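Lettering of chains follows the sequences in order, A, B, ..., and the numbering in each one begins at 1. This structure is a prediction, so every number in the text was calculated from the model and none was measured.
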There are 2 protein chains.
Amino acid sequence: MANTPQPGTRERVVRAASLLMQRQGYEGTGIKQVAQEAKATLGSVYHFFPGGKQELGVAAVQHADQEFAELLSTSLSAEADPAKAVVACAGELARLLRDSGWVDGCPISATALETTGRAPDIEQAVAEAFQHWRDLVAGTLREAGFPEGDARDLAITVISTLEGAELTAQVAKSETPLRVAGEHLARLIDSYKR
Amino acid sequence: MANTPQPGTRERVVRAASLLMQRQGYEGTGIKQVAQEAKATLGSVYHFFPGGKQELGVAAVQHADQEFAELLSTSLSAEADPAKAVVACAGELARLLRDSGWVDGCPISATALETTGRAPDIEQAVAEAFQHWRDLVAGTLREAGFPEGDARDLAITVISTLEGAELTAQVAKSETPLRVAGEHLARLIDSYKR
DNA sequence: GTCTATATCTAGATAGAC
DNA sequence: GTCTATCTAGATATAGAC
């Protein structure tokens with residue numbers, strides 16, 4: 001479990017790239033800026049990512065995938081009732097977004113939108129991340145007794161709605177869209193219990 | 001009603017900018033590319049937009065705002081029952097996205113995410129667009145007899161969910177997320193009727 | 001693995017003739 | 001209003017010493 005034995009250069013570069021791309025998007029983030037933020041030299045970045053910016057983009061998305069999956073798992077397991085868990089999750093996203101000064105939204109949305117149809121490697125990493133997150137939600141619902149089909153459909157809408165509400169909250173600089181979405185998702189989930 | 005008497009240069013530039021930024025984002029779209037796509041010269045672009053790329057970005061977002069508002073109005077008034085109207089709307093978005101080869105998602109999401117916290121003018125135009133769209137949905141719900149508070153909250157979630165489902169559908173290159181979101185939103189809206 | 005220096009290209013923006 | 005030519009800065013990427 002010891003998981004912070006001083007990060008190596010590669011790890012620092014990936015983290016910096018992931019954070020910057022979350023906030024500025026893929027196109028808006030420069031490799032020099034990543035190197036600077038990671039306290040690495042440009043040569044080191046290209047040493048670890050000979051494929052250049054695209055390869056770095058893929059690594060950044062995969063890193064964000066893992067990080068967000070952990071956040072999701074933790075939030076979802078905070079409550080036994082999945083409806084309440086989703087409310088807690090939305091609340092946690094709202095808190096993190098607000099505390100960041102409204103800059104830390106979904107870690108991969110910007111990159112996803114900018115590269116769709118133009119960078120197949122990144123596109124695939126993004127698709128896998130979304131699938132990963134949906135699977136986590138679907139698993140939670142199945143464990144709570146929801147039938148397979150309902151769990152899958154609800155997972156799609158839970159992730160979609162959280163994504164959209166995070167974007168809306170970021171744009172409006174308000175927690176409200178995420179709070180409201182959480183309550184509405186809980187209501188939707190509960191409507192399947194009957 | 002005669003509304004296409006051959007667009008002037010300014011109009012062509014705005015349309016091209018709006019379309020390119022929808023597909024590639026703000027950072028990923030070059031002014032030269034906009035000029036070329038609009039069959040205008042670089043000099044003309046700067047003649048109409050002396051404020052440069054930022055000013056052009058604002059105009060592109062405002063244009064997209066109007067266009068999407070019309071799409072929304074048309075879709076929503078296709079059905080008298082607001083729950084059915086939202087399903088129709090989601091279906092229309094899915095159709096347009098698929099027909100574009102999965103490139104034409106929300107016209108301003110990419111720009112919104114890239115410029116948040118970094119270009120106040122664009123940020124504001126984006127915030128106004130989202131508010132505009134929410135108001136349209138809220139108006140539809142009020143006209144159908146929903147009380148003010150419910151209409152406002154539901155409008156927030158309808159727009160948020162459509163945004164997120166469009167992103168999810170685009171990434172997955174599948175209509176399913178939008179179709180499922182439409183059905184779930186209808187279910188949510190109906191749950192307020194009782 | 002890390003560093004500096006640099007090559008190459010394209011971006012946003014400007015100038016001034018027409 | 002439109003055009004071409006050009007400036008400058010910054011981007012991605014590479015080379016080669018250490």
In the hydrophobic cluster built from side-chain contacts under 4.5 Å, what are the other members alongside V13(B)?
V14(B), L20(B), I31(B), V34(B), L42(B), V45(B), Y46(B), F48(B), F49(B), L56(B)
Using 4.0 Å as the upper bound for N to carboxylate O, is an ion pair formed by K193(B) and D81(B)?
yes
Atom-pair distance (NZ on K39(B); P on dC3(D)), nearest Å
12 Å
Atom pair NE2 (H47(A)) and OG1 (T41(A)), whose distance is rounded to the nearest 0.5 Å:
10.0 Å
To the nearest Å, how far apart are R10(B) CZ and dT2(D) P?
12 Å
Strand-adjacent residues in residues 115-123 of chain B, judged by heavy atoms under 4.0 Å from DNA chain D
none
H47(B) has an atom NE2; how far is it from atom C1' of dC3(D), in whole Å?
13 Å
Report yes or no: is the cationic atom of R152(B) (NZ for Lys, CZ for Arg) under 6.0 Å from the centre of the six-membered ring of F146(B), at an angle within 45° of the ring normal?
no
Is any side-chain N or O of T41(B) closer than 4.0 Å to OP1 or OP2 of dT2(D)?
no
Taking only N and O in the side chain of S44(A), is any of them less than 4.0 Å away from OP1 or OP2 of dG1(C)?
no
If I compare all heavy atoms of Q22(B) with all of C106(B), which pair ends up nearest, and what's the gap?
CG-O, 3.9 Å
Show the nearest heavy-atom pair for residues V126(B) and V61(B), with the distance to one decimal.
N-CG1, 3.8 Å
Do nucleotides 11-18 of chain D as a string where each nucleotide becomes B, S or -: B if the base has a protein heavy atom under 4.0 Å, S if just the sugar-phosphate does, - if no protein is that close.
BBBB----
For T29(B), is there any backbone N or O sitting under 3.5 Å from a side-chain donor or acceptor partner on K53(B)?
yes
Considering just the side-chain nitrogens and oxygens of T9(A), establish if one lies under 4.0 Å of OP1 or OP2 belonging to dT2(C).
yes
Looking at E27(A) and R118(A), does any basic side-chain N land under 4.0 Å from a carboxylate oxygen?
yes
Quick one: F48(A) CZ to dC3(C) C1', roughly how many Å, whole number?
13 Å
